[in-house]
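Chain letters run A, B, ... following the sequence lines, proteins first and then strands; every chain starts at 1.
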Amino acid sequence: MMRAGRFRYHVASTVADAAAALADGGPHARLLAGGTDLIPNMKRRQDTPDLLVSLRHVGELRGISVNGETAIHAGTSLDDIVKSAAIRAVHPALHRAASQIASPLIRNTATLGGNLCVDTRCNYYNQTFEWRKSIGFCLRGPVPDGICWVAPSGRRCWATASSDSAPALIALGARLTLLSREGERDIPLEELYADDGACPLTKRADEIVTSIRIPSRVVRSTYWKLRRRGSIDFPALGVAAAIRPGPHGVIEDARIVLGAVASHPLLVPESQLLIGRTLTDNVIEEFAEGAARHARPLDNTDFAMTWRKSVARSFLSGALRELRGDDPSTFPLLARETALRNGWRFE
Amino acid sequence: MSDYRVIGKARRRVDARAKVTGQTRFADDLSFPRMLHCKLLRSPHPHALLRQVDVTRALRAPGVVAALTGKDFSIRYGILPVSQDEEPLCRDKVRMTGDPIATVIATTEEEAYAALELIDVEYELLPVIATPLEALQCDEPRIHDYGDRGNVHKSVALEFGDVDAALAAPAHLFDDLFFYEGNTHLAIEQHASVALLEPDGRLALYSSTQTPHYVHRALSRALDLAPHRIRVVATPNGGGFGGKTDPFHHEIVVAKAALLTGRPVKICLTREEVFQCHRGRHPVMMRMRTSVDDDGFIKAVDLETLLDGGAYGSYGVASTFYTGALQTVTYRIPRYRFRGCRTFTNKPPCGPKRGHGTPQPRFAQEVQLDKIAVALGKDPADLRLQQLIEPHSLTANWLQIGSVGLRECIERVIDRSGWRSKWQKMPHGRGAGLACSSYLCGAALPIYWNDMPHSGVQLKIDRSGLITVFCGATEVGQGSDDVLAGIVAEVLGVEPYDIRLVTGDTDLTPVDLGSYSSRVTLMAGNAAIQAAERAKALIAGAVSAKLGIPEERLVFAESRVFDAADPAQGLAFRDAVIIAETIQGSIGTVGSYKPPAAAARFKGGGVGPSPSYSYTTAVAEVEVDAGTGWLRVEKIWIAHDIGRALNPTLARGQVEGSVYMGLGEALSEEQAMRRLPPRLSHALVHKTPSMLDYKSPTALDMPEVFVDLIEQAEANGPFGAKEVGQGPLLPIAPAIANAVFDAVGVRVDEVPITPEKILRALKASGRRAGPQQFPSIAWPQAVYVPPPWEGGDGRAATKAEEALQS
Amino acid sequence: MDKVRLALRVNGEPVDLAIAPNRTLLEVLREDLALTGTKHGCELGECGACAVLLDTRPVLSCLVLALECEGADVVTVEGLAQDARLDPLQEAFSDCGATQCGYCTPGFLITAKALLDERPQATRAEIAEALSGNLCRCTGYIQIFEAVEQAARRISDE
Ligand SMILES: Cc1cc2nc3c(=O)[nH]c(=O)nc-3n(C[C@H](O)[C@H](O)[C@H](O)COP(=O)(O)OP(=O)(O)OC[C@H]3O[C@@H](n4cnc5c(N)ncnc54)[C@H](O)[C@@H]3O)c2cc1C
Ligand code: FES
Ligand code: FES
């Protein structure tokens with residue numbers, strides 16, 4: 001049996017309590033939300049914290065409210081998000097992303113906060129201690145002088161940002177609240193991510209994500225996920241797209257985000273160029289071609305990287321076609337399957 | 001035929017209740033007072049000499065009770081007598097990443113694991129042999145000091161009729177290369193074992209093994225202990241598929257540890273360790289040359305196979321022969337040559353997985369037939385139907401064929417799938433493909449040479465009316481318990497659920513060779529019939545004497561024994577037993593089974609013969625995305641010639657399960673290794689040693705499956721039954737490959753068939769993805785055997801034999 | 001890193017023990033409470049064999065720390081039958097061939113139980129979706145789907 005190493009355990013009763021425990025715990029303290037990312041990482045000795053601060057009994061971290069702005073508390077389970085009719089109606093991109101995370105069993109414990117802070121992934125890193133020792137530990141440790149096996153000549157970690165909900169929420173323009181003993185701050189979600197596989201979050205270790213807020217602007221949104229199997233698998237590519245169409249289909253706002261092709265969710269800069277245009281075939285193809293250039297998949301997830309890159313382009317154009325109102329049942333197979341795949345859904 | 005009461009009726013299996021209530025005790029569920037826990041230190045290096053292994057520091061760690069190294073063992077073992085090349089713990093050398101080096105026994109698993117870090121090992125690294133090509137090219141360093149030469153473990157060549165002559169002037173010659181990637185069993189249960197000393201001081205091992213008898217032999221050998229001092233109990237296996245048919249180092253290590261400490265010792269492997277134990281599908285490169293006449297009739301087949309064997313022999317010699325043995329049993333092949341070569345590499349050893357050695361060449365043959373059909377403008381179904389093997393005939397390589405339901409299989413699936421209106425008739429992007437296959441119902445020869453039965457069954461019946469069946473067979477999910485209970489219930493006229501089973505226990509049960517090569521239903525089934533018939537005769541004799549009804553009029557049914565002429569005249573089964581026990585004394589009978597002798601009498605002819613062959617045909621319907629290569633298998637129609645379905649619910653489950661596993665192999669599963677830049681690392685590790693990264697299909701990935709069972713009783717089978725556990729896996733991959741061609745006109749001559757490969761083929765000028773070259777191999781002189789229709793008696797022709805000896 | 005008291009209910013009965021914080025619910029059920037009906041195939045959340053009901057939701061016990069279950073209600077496969085009477089799912093799994101080697105079965109039963117409790121009329125597509133985190137290597141899932149459908153019918157007929 002794979003077992004986690006030893007640690008101390010603190011049950012937080014309130015967010016403030018958690019923030020205090022985290023601050024006192026120092027650099028080797030971690031928040032434990034659903035544990036579905038943290039516990040496997042601990043069993044593989046990727047992480048060896050000496051204190052876990054449990055959020056499970058912090059009631060104030062749970063709940064969804066949709067009135068105008070949507071607010072989701074960070075401890076809300078993914079399953080609750082998937083089953084929220086309001087989210088499905090108002091923010092399809094989030095519904096679709098959440099409904100395709102991991103497996104239904106995992107979504108019962110996994111939380112949205114944990115999903116936004118999920119560790120980056122790499123085929124050379126998400127392995128047992130013995131496996132990593134066998135190839136020589138990479139630059140994420142536990143020894144100091146490792147190298148990156150994906151790009152051995154460089155000095156940075158190229159682990160892949162693998163959250164499904166992050167691209168969707170960035171496309172939706174979400175902001176999040178961070179709380180620590182020092183106080184609260186509020187940032188656009190994209191600012192949570194640093195482009196560094198080894199240290200993917202910009203937040204301080206003692207800051208807790210408490211809530212995620214999505215503005216109420218009317219947008220159309222979707223999320224396309226590439227994975228080998230119908231369930232369980234992490235994204236090998238994610239494309240989130242949100243547009244606000246104005247009169248005559250002229251786009252007033254657009255945010256397109258790529259997931260799983262870099263160490264951070266990548267807000268495509270060219271999204272801005274869509275503003276003021278209409279989604280004609282030409283506009284879509286031109287955009288998809290340009291945006292796909294930002295996808296620089298490496299050989300550290302499932303599927304061959306060149307193939308993933310070619311799919312990035314077809315997902316970009318497919319997602320925009322879907323938002324334009326094209327009937328997904330007329331799409332080619334992969335696009336059709338992806339667009340129609342909606343995960344768990346109670347009518 | 002139709003008046004069986006149990007046989008042929010869909011029923012719940014006899015072990016279902018235990019399984020749905022969580023009461024089935026798998027090996028890791030066992031726990032004993034004062035039990036210790038064992039963890040193994042495994043090599044991080046793929047190939048290295050062990051300069052020193054020091055457990056001193058580990059012995060001082062908290063909770064540690066004992067620690068062992070290779071020095072504590074002196075005898076090698078292995079499943080085949082010709083490949084005794086494994087060590088419980090490596091002494092001087094490691095041959096793969098994951099090879100066991102030392103073990104720690106502690107009061108908890110956590111402590112044992114922690115102490116592994118305290119074992120000091122000095123390695124001297126050796127060059128790594130990572131592929132069969134390297135093995136062929138590098139004779140040094142040798143991974144093993146035995147084998148044919150260098151790093152070639154075994155190369156074999158058999159020729160049936162003059163194949164070169166037949167290939168020289170063919171109407172059409174098809175020369176194709178194929179590659180079938182390795183994959184693994186991935187039973188959900190990880191291997192586990194508990195060893196302990198019984199009250200009388202004898203050693204007992206409870207283990208998740210498919211072959212308790214072979215583990216018993218290996219333990220006796222490796223521990224140098226008399227077999228009667230050892231008891232091996234096979235716990236129900238949480239899936240086997242061939243992955244638990246070798247004796248394993250961890251079984252020997254915990255046995256030794258129990259002998260040393262006098263306490264029960266348990267080990268349960270992690271998933272990654274299970275990937276390292278492997279013994280799964282060999283990666284095989286194949287070249288197949290087939291000549292056909294203008295009408296598509298096969299004139300000769302010449303097959304070469306190159307197997308990547310991994311670090312140990314395992315069943316490899318048999319696997320090598322199996323890549324050539326069964327090409328002849330589906331279609332008439334007048335002349336046939338097979339050459340196979342297995343290499344050692346520094347990787348987890350390959351062995352038997354569902355279909356053992358035959359899915360790879362079956363893929364080659366069925367895809368090539370599709371190419372032939374297309375080239376000659378024939379329907380692939382017709383091309384096959386015109387040259388099916390004759391029932392009750394001999395093949396070119398002297399295999400005795402029994403019943404053949406292949407025609408019915410083909411006809412059924414083409415009818416059910418609407419094949420004639422689908423193949424070559426669907427819009428671009430949609431396609432249908434067809435493939436056939438065959439598999440053994442147990443090997444005619446045992447793993448080690450002996451003339452004893454392959455299966456034994458013992459029945460005990462007493463005045464309580466209870467029947468207890470003792471049999472060495474092992475329940476691995478395939479339903480062997482249900483087969484035994486069903487057969488005995490049928491013969492003795494009782495309910496299967498009223499029968500008590502004692503299985504897979506070398507102390508208590510007569511030998512059965514194990515749950516592999518689809519042998520249990522046929523062999524243990526026949527033994528059970530014999531034992532049950534003997535018991536029936538005993539009871540019938542007594543009842544007849546007592547009631548004055550002639551024996552031949554007595555019927556055993558509905559838990560009664562009664563007069564066929566007057567069913568009211570009779571007794572409850574229990575009362576019949578009381579009479580029998582009164583007259584005859586205690587009632588116990590035995591039955592045993594030994595397969596018929598093989599017709600083949602040449603060296604190498606021991607692999608392939610079987611009491612019977614099952615047949616299967618599948619049609620796959622797919623959709624392919626020409627832009628990305630994405631493939632979706634929508635429907636599978638499959639018909640399987642099972643002889644007779646003893647329990648149709650189970651039989652269908654076996655077919656669907658085989659389809660599932662075939663689908664995984666065809667589309668996504670790979671046991672592949674990762675090599676790092678050599679200047680930076682010496683490592684050779686499993687690419688995907690987890691259930692997340694090894695892509696076993698989920699419930700959302702199953703296509704619709706339509707199963708048909710073709711029932712034509714086979715004379716050698718119990719109640720006419722043939723195997724169903726393995727054969728239906730075989731046609732899945734080739735049917736899908738053929739369907740992909742029908743959909744988008746490209747050939748993927750390689751398994752798995754991934755979107756990347758399909759897209760590559762779509763972009764390639766040759767419209768094909770697959771191997772480009774078959775390496776040149778120095779084949780041995782072929783053993784030459786004239787096929788039955790060219791004379792001879794199944795022996796090698798003298799001339800070739802002489803050549804071989806010189 | 002001392003042991004910590006833990007009180008919860010397992011299959012309806014109160015349980016009170018002291019454990020180290022790193023123990024998962026899976027480990028405690030199997031090793032401390034001898035409830036070995038709950039299985040494990042990976043201990044990393046990848047196979048579904050270890051599913052149990054935690055306050056009526058099916059979760060992977062290999063990913064849940066036992067201490068997280070303080071005060072909770074846990075149901076394992078051993079707790080599905082009511083007295084000697086099998087749950088309709090257990091009956092249907094038996095009759096439909098949904099259990100072969102049986103190793104994945106407890107996880108499937110638990111997951112299906114939660115599904116039918118929430119969704120008695122689940123469609124085939126919903127069943128497949130709900131069970132998509134449970135791997136089975138033996139059955140190809142089809143007889144499992146059929147069993148869940150049959151159980152749903154049995155429940156609605158009762
Ligand atoms: C088999 C498997 C498949 C998976 N597939 C997917 C997938 O397809 N897509 C995907 O996105 N993920 C996947 N995951 C990862 C994981 O399950 C999810 O990302 C999940 O949402 C993580 O949430 P959690 O609550 O369990 O996080 P935890 O494991 O509890 O936490 C994850 C990290 O976030 C930190 N954290 C948690 N909550 C907060 C907070 N409120 N504030 C600050 N930091 C916090 C933790 O300290 C930890 O570092 C998979 C995991 C497994 C085991
Ligand atoms: S053991 Fe928990 S998911 Fe595999
Ligand atoms: S029945 Fe064996 S894994 Fe499902």
**Request:** Decide yes or no on side-chain contact (heavy atoms from CB on, under 4.5 Å) for B:K695 and A:D302, but give the supporting numbers first.
**Result:** CA-CA 10 Å; B:K695 302 297 183 187; A:D302 191 17; 3.4 Å; yes
**Request:** Run the numbers on A:I147 and B:L680 for side-chain contact (heavy atoms from CB on, under 4.5 Å), then give the verdict.
**Result:** CA-CA 9 Å; A:I147 55 172; B:L680 296 174; 3.8 Å; yes
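Annotation: side chain of A:E130 is in contact with side chain of B:E272 (closest heavy-atom distance under 4.5 Å). You'll find the side chain of B:E117 reaches within 4.5 Å of the side chain of A:F129, heavy atoms only. Residues A:M2 and B:Y113 form no side-chain contact, since every pair of their non-hydrogen atoms from C-beta on lies 4.5 Å or further apart. Counting heavy atoms from C-beta on, the side chains of B:V624 and A:L333 never come closer than 4.5 Å. Under the 4.5 Å side-chain criterion, counting only non-hydrogen atoms from C-beta, A:Q127 is in contact with B:P689.
Using a 4.5 Å cut-off between heavy atoms, B:T628 touches chain A through backbone and side chain atoms alike. Heavy atoms closer than 4.5 Å to chain A are found in both the backbone and the side chain of B:L692. For chain A, no part of B:P46 is nearby; none of its heavy atoms comes within less than 4.5 Å. Residue B:R674 touches chain A through its side chain alone, counting heavy-atom pairs closer than 4.5 Å. A:R227 touches chain B through its backbone: at least one of N, CA, C or O sits under 4.5 Å from a heavy atom, while the side chain does not. Only the side chain of A:W149 comes within contact range of chain B, judged by heavy atoms closer than 4.5 Å. Contact annotation for B:L116: neither backbone nor side-chain heavy atoms come within less than 4.5 Å of a heavy atom of chain A. In this structure, the portions of A:D233 lying under 4.5 Å from any heavy atom of chain B include both its backbone and its side chain. Both the backbone and the side chain of A:S231 come within contact range of chain B, judged by heavy atoms closer than 4.5 Å.
With chain A as the partner, the residue from B:K39, B:H686, B:Q190, B:R42 showing the most heavy-atom pairs under 4.5 Å is B:H686. Heavy-atom pairs under 4.5 Å with chain A were tallied for B:E273, B:R632, B:R271; the largest tally goes to B:R632. Among the candidates B:G627, B:G429, B:A683, the residue making the largest number of heavy-atom pairs closer than 4.5 Å to chain A is B:A683. With respect to chain B, the highest number of heavy-atom pairs below 4.5 Å among A:I232, A:I135, A:T306 belongs to A:I135. Of the listed residues (B:P755, B:P697, B:A699, B:C268), the greatest number of heavy-atom pairs within a distance under 4.5 Å of chain A belongs to B:P755. Interface summary for chain A: among B:L676, B:T270, B:L667, the most heavy-atom pairs under 4.5 angstrom belong to B:L676.
Nearest heavy atoms, A:S310 versus B:L759: OG-CD2, 4.3 Å. Contact between A:A4 and B:E110 at its shortest, heavy atoms only, is O-OE2, 4.4 Å. What you find for B:P44 and A:S134 is that their closest heavy atoms are O-OG, 2.5 Å.
Proximity to chain A at a heavy-atom threshold of 4.5 Å picks out B:T97 from residues 97-108 of chain B, in numerical order.
Under a 4.0 Å N-O distance rule, the pair A:R336/B:E623 qualifies as a salt bridge. Salt bridge annotation for B:E109-A:R3: present, with a cationic side-chain nitrogen under 4.0 angstrom from a carboxylate oxygen.
Classification of the B:W630-A:F303 ring pair by plane angle, with boundaries at 30° and 60°, yields tilted.
In this structure, the side chain of B:E756 does not engage the main chain of A:W307 through any donor-acceptor pair within 3.5 Å. Not a single donor-acceptor pair under 3.5 Å links the side chain of A:R229 to the backbone N or O of B:L700.
From B:D701, atom CG reaches atom CZ of A:R228 across 11.0 Å, with rounding to the nearest 0.5 Å.
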